[in-house]
**Student:** 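Please find one structure pasted underneath; my questions will follow.
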Amino acid sequence: MWQTLGPLRLPEWEKRILARWKAENTFQRSVSRRKGRPSYIFYEGPPSANGKPGIHHVFARTLKDLVCRYQTMRGFYVPRRAGWDTHGLPVELSVEKELGLTKADIGTKISIADYNAACRAAVMRYKSVWDELTERMGYWVELENPYITFEPAYIESVWWLLKAFYEKGLLYKDYTIQPYSPAAGTALSQHELNLPGAYRSVRDPSITVQFRSEEEPDLYFLAWTTTPWTLPSNAALAVGAEFVYVEVETFQPYTRTPVRVILAEAALARYFPAEGESLPLTPEAIDLRTGRLPYRIRERLLGQKLVGRRYEPLFRYVEPPTEAWRIIAADFVSLEEGTGIVHIAPTFGADDLKAARKEKIPPIGLYDEKGHFLSPLVDKEGKFVPQVTDFAGRYVKNYTDDPNYKSVDEDISQHLRARGLLFRKETYEHNYPHCWRTDKPVLYYPVEAWFIRTSALRDRLVALNRTIAWYPPAIGEGRFGNWLENVEDWNLSRSRFWGIPLPIWRTPDGRYTRCIGSFAELREAIEEARRAGLMDRNPLGNPDFDPHRPYVDEIILVAPDGSPMYREPDVIDVWFDSGAMPYAQQHYPFTVRGNPPPNFPADFIAEGVDQTRGWFYTLHVIAAALFDSVAYKRVLVNGLVLDKDGNKMSKRLGNVVDPFALMERYGADATRWYLVSNAPPWENVRFDEKRLAEKVRTFFGILHNTYEFFALYAGIDGYVPRPLPEPSTLALIDRWLLSETEKLTAEVEAAYEGYFPTQAARAIETFVTEKLSTWYVRLNRRRFWKGEKDADKWAAFAVLHHTLVRLAQLMAPIAPFYAELLWEHLGQEGSVHESDFPQADPTRRDEALEEAMDKVRRLASLLHSLRKQSGVRVRQPLAQALVPASYRLWLEPLAELLLTEVNLKTLTYLDDHSEAVVYELRPNYRTLGPQLGSRLPELARFLRTLSQMEIVQVLQRGSLTWEGETLPVGEALEVRAQALPGWLYASEGGLAVALDTRITPELEQEGWARELIHHIQLARKEAGLAVTDRIHLTLHLPEPYFSALQSFSRVIAEETLAETLHWSPTPLQTSPIPFLDTETLQISIEKAYEHA
RNA sequence: GGGCCUGUAGCUCAGGUGGUUAGAGCGCAACACUGAUAAUGUUGAGGUCCGUGGUUCGAGUCCACGCAGGCCCA
């Protein structure tokens, strides 16, 4: 029943296990077996099947999988449902590229219906590759019935959520400043600005202008701008509240009239070369070519003092509905450039709009009679509206490729100069984004958008986040927490096509708005519209109705006053789709109901750190806003997978790792194990295939060899599994291994419970290589192959078997395949993944034994090191090792193990006061530090001056008196045995041992015997004998070995399985073998007939 | 520009609350073992703990300022 499997072949075995899992429905069984038990809720963050999966997906999914497998083994019911994220810009861009389209072509060259159909087809393109990866890597998730974000039921749930936001007053429409291309007539996404070549170096006029104080007509505030065309839209000036400003008496450089100006002190030197202060304060001192201006500083004041002061606008083409044109404080004001006073045009800058809103400054533009903002002073084609009389109809940049284009910026500068309001004009070279399609500079332009008022939820978001367990905590507190504390409203609108349409209908005048929360509601609303004659049919009557564009766009609803309502044309941010997943995946609240919703919140999610402001955030916002709850109680964050040099993997660099090839070469388990054990999940992993291969050798190889060892001898001896004997009846080494196994179990359990699988994997590795293979198996080999089938032998089998079974369970979450293989071949029932995760049994622990064995291993290492120094080979027995008498208590029971391991006859315990020991006294820094403080180094120096005699006296007295302090030995002073003169001596970490390297004739002869046995074993092997074959042995050796070794005949025969041993005085036919470097010997081996 | 993370041996990483001479694995070298053998084991070499200041009797560890790399956001 015990089967050796030969050298490690993980990929091959994994495929067999996969087939077995499939045939036996192991995954489904492992889940359903726990039905009725408490649930452990896991949310799968939906990937997009629009691209192929990479190695980083294997990383994230390994973490998800291992936690779910562990919790299942713990007895929780852990259903896992796959999902697909299907909407969004990446899909659209890939389709645009394939079809050779631009955004402007959609709805013109191609219908929205055809375009969206192409998106729908493209988005699942690699689904089968993903499914294959999922299966091959052993990621257990229900693939049969995934949630898909483009399905109508999913969309209906999202609509319901949006309506809930709407009804709470958390969904509103407002302007946002977006990059906009007047030449293309379209808004640009951040992505389009990030395209290579979008940012170009351009030369713009940069002018410093004077805003005249309303209170003091000869006082001006100096502000600097590189976009003079926005000056007619100026609404405010911003200063830094903490910055120092100065009021300067000087001259208008062009009109040469005396003026006073205010600017930041830090900007002074940029405008007033220092020499100006000593020039006479007369117009004659002005030199425009060198920029020389006479000036005098009249006053210094903080920015704060300027806040609230009012000024006259440069232009007054329109009147704002409320008060504008005053000084405000803003935190983005910089002293690096300009005057430290920033011109604010809320219609053309995102920061400007934000600051203006905060200070209740109205944007400058056109308003209707009710005070509703209609449009900015520049229209969507990029030219001034007629109200800007001086420049009406002029393009603010050359958007039409007009060869006679005259710069508006220039003209505005001239205009201001003529009015004595231009203080300086320069040219400024900087990087500015351009539209990738038209090559024209973008405009930052107000665009209408729908927002979620997340800022109103800020406190609740922060408070709820504090209840989430973040692994690691720093991301929850720092990256995520800081972000929440400064959260701004969430712009939900995307002017795209392939996404969940906003379910909002509106009259063109904006008087009536209606948000739809379900298909039934929409159907009813359409019926109303039909009765009003606005619709002639009800598309919701069709069971296959597709709630995407363009079909929803065709629906017209009726307002209470009978006027038509049209759908707001945007689709929503795709992040809302995935954030809605806890509800929409179960078609809440239509198919399932309740508050809180069922299967909510999640106990656990895990994704990459790049999701902090993605999925982690949108899940959190929706749950907090609508259910006043967290969406997940725990989140394990994983880092990136970089290449071996720490570079990000990208197709461009060609350093992308193909996960399939990897698993084909090394196996999924090896890949998973490597990713988990290499570094904590939240650190970036530098992926190095060489190290993965190493992991196969150094962990799986050793573990597998241990299994092979067991299977080989269990097979030979026909071992029948039996219960573990009572620990008290077992050999110490067995009890030690059992104790270590329980210790490991506790460690691994704690690591999994702490969501730190790296620690679990590392603990298992250490146990397998150092405790199990290097120590237990190596020291006990003889017990497995010795002749008698006695209780000791069966105990060894039982202990090793027990340990391997336990290992299979402990490693199952991380390496599900090999764990299953072990489980199966160790004769266990069912699947290891259906088993209950083992509970550590403290009664089997013996910590004193663990510690003692640890010291024995270190002593063995020291003795090996000494043997090496002495040049005496291990085969040569030595008489004794010397250790301090204090070791006796823990060492004596284990002495036999140590003696065998290093081939010694006896241990001699030295009296602590023996003259063979030399002592050293050292301060115990930890205890004496607080007591003595700065006197400590002095004490250390003093202790070094003590003679051996004085130290022995201190030891006998038990304490040392120094400068009035009584310092007890042990507590305050550490004793260290420093040397054993005359012996080969070694010490490390407080352990000391000496080796007696004198070889007596008896020992020498025994060494010869060992040497001889060694050669006979080699000869056996050369003869191709099996390890159990019996032989007839004939030997011929020269003297003195011939005589001396005959007394070892019995041992030699036993060790070599010789039925007969003949010492031949005459040479044999076989070829001579070098013996002990100088002589030769001859060995003749004949296989003995097997007796029945 | 802001927030966060990381920096320890050639490589990958450990190093609670500050405490004696900073550790492990791999790789490398030498050796041993030869009944785990396409294995196994032992030993050894290898360090400016990113830098500079500071706090302290004492700093890889705490503080400040930098440098380098990374992620997210402007």
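First the proteins, then the strands, lettered A, B, ... as listed; each starts at 1.
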**Student:** Considering only U34(B), G27(B), U20(B), which nucleotide approaches the side chain of Glu694(A) most closely?
**Tutor:** G27(B)

**Student:** Looking for any heavy atom pair under 4.0 Å, which part of the strands does Pro472(A) touch: base, sugar-phosphate only, or nothing?
**Tutor:** nothing

**Student:** Looking for any heavy atom pair under 4.0 Å, which part of the strands does Glu683(A) touch: base, sugar-phosphate only, or nothing?
**Tutor:** sugar-phosphate

**Student:** Would you indicate what Leu1057(A) reaches in the nucleic acid, counting non-hydrogen atoms under 4.0 angstrom: base, sugar-phosphate, or nothing?
**Tutor:** base

**Student:** Do Trp470(A) and Asn465(A) have side-chain atoms, one donor and one acceptor, less than 3.5 Å apart?
**Tutor:** yes

**Student:** Does C13(B) have OP1 or OP2 sitting under 4.0 Å from an N or O in the side chain of Asn678(A)?
**Tutor:** yes

**Student:** Salt bridge or not between Glu488(A) and Lys354(A)? Use side-chain N to carboxylate O under 4.0 Å.
**Tutor:** yes

**Student:** Give me the atom names and distance for the closest heavy-atom approach of Leu335(A) to Ala264(A).
**Tutor:** CD2-CB, 3.6 Å

**Student:** Would you measure the distance from the P atom in G60(B) across to the matching atom in U21(B) and give it in whole Å?
**Tutor:** 11 Å

**Student:** Which nucleotide sits closest to the side chain of Tyr925(A): U20(B), U40(B), C73(B)?
**Tutor:** U20(B)

**Student:** Which whole number of Å gives the distance between the C1' atom of U12(B) and that of G46(B)?
**Tutor:** 16 Å

**Student:** Using purine N1 to pyrimidine N3 plus N6-O4 or O6-N4 for Watson-Crick, or N1-O2 and O6-N3 for G-U wobble, each under 3.5 Å, what pairs with C71(B)?
**Tutor:** G3(B)

**Student:** Assuming nearest nucleotide by heavy-atom distance, tell me which of Asn684(A) and Glu1054(A) is located more 5' along RNA chain B.
**Tutor:** Glu1054(A)

**Student:** Classify Gln1017(A) by what it touches in the nucleic acid, base, sugar-phosphate, or nothing, heavy-atom distance under 4.0 Å.
**Tutor:** base

**Student:** Which one is paired to G53(B), where only Watson-Crick or G-U wobble pairs with both distances under 3.5 angstrom count?
**Tutor:** C63(B)

**Student:** Looking only at side-chain atoms of Arg691(A), point me to the closest of C13(B), G25(B), G3(B).
**Tutor:** G25(B)

**Student:** What's the gap between C49(B) and U61(B) when it is taken at their C1' atoms, as a whole Å value?
**Tutor:** 10 Å

**Student:** With a cut-off of less than 4.0 Å, is there a side-chain N or O of Arg479(A) near OP1 or OP2 of C72(B)?
**Tutor:** no

**Student:** Relative to the 5' end of RNA chain B, which residue comes earlier, Gln759(A) or Arg1020(A), by the nucleotide with the nearest heavy atom?
**Tutor:** Gln759(A)

**Student:** Quantified in whole Å, what is the P atom distance between nucleotide A36(B) and nucleotide U42(B)?
**Tutor:** 15 Å

**Student:** Tell which nucleotide pairs with A29(B), taking only Watson-Crick or G-U wobble pairs whose two distances are both under 3.5 angstrom.
**Tutor:** U43(B)

**Student:** In the strands shown, is A24(B) matched to any nucleotide by a Watson-Crick or G-U wobble pair with both distances under 3.5 Å, and which?
**Tutor:** U12(B)

**Student:** Is a salt bridge present between Glu694(A) and Arg691(A), judged by a nitrogen-to-oxygen distance below 4.0 Å?
**Tutor:** yes

**Student:** Given C5(B), U34(B), A39(B), which nucleotide is nearest the side-chain atoms of Asn705(A)?
**Tutor:** A39(B)

**Student:** Just compare C13(B), C71(B), U40(B) and give me whichever is closest to any side-chain atom of Arg762(A).
**Tutor:** C13(B)

**Student:** Tyr713(A) side chain: which of C26(B), G35(B), C13(B) is closest?
**Tutor:** G35(B)

**Student:** G23(B) and G41(B): how far apart are their P atoms, nearest whole angstrom?
**Tutor:** 23 Å

**Student:** For Trp575(A) and Thr618(A), work out which heavy atoms get closest and say how close.
**Tutor:** O-OG1, 3.1 Å

**Student:** Nearest 0.5 Å, please: how far is OH in Tyr818(A) from NE2 in His704(A)?
**Tutor:** 5.0 Å

**Student:** Considering every strand and a 4.0 Å limit on heavy-atom distances, what is the contact class for Thr766(A): base, sugar-phosphate, or nothing?
**Tutor:** nothing

**Student:** Under the 3.5 Å rule, do the base of C26(B) and the side chain of Arg697(A) count as making a donor-acceptor pair?
**Tutor:** no

**Student:** Does any N or O donor sit under 3.5 Å from an N or O acceptor when you compare the side chain of Ser773(A) with the base of A36(B)?
**Tutor:** yes

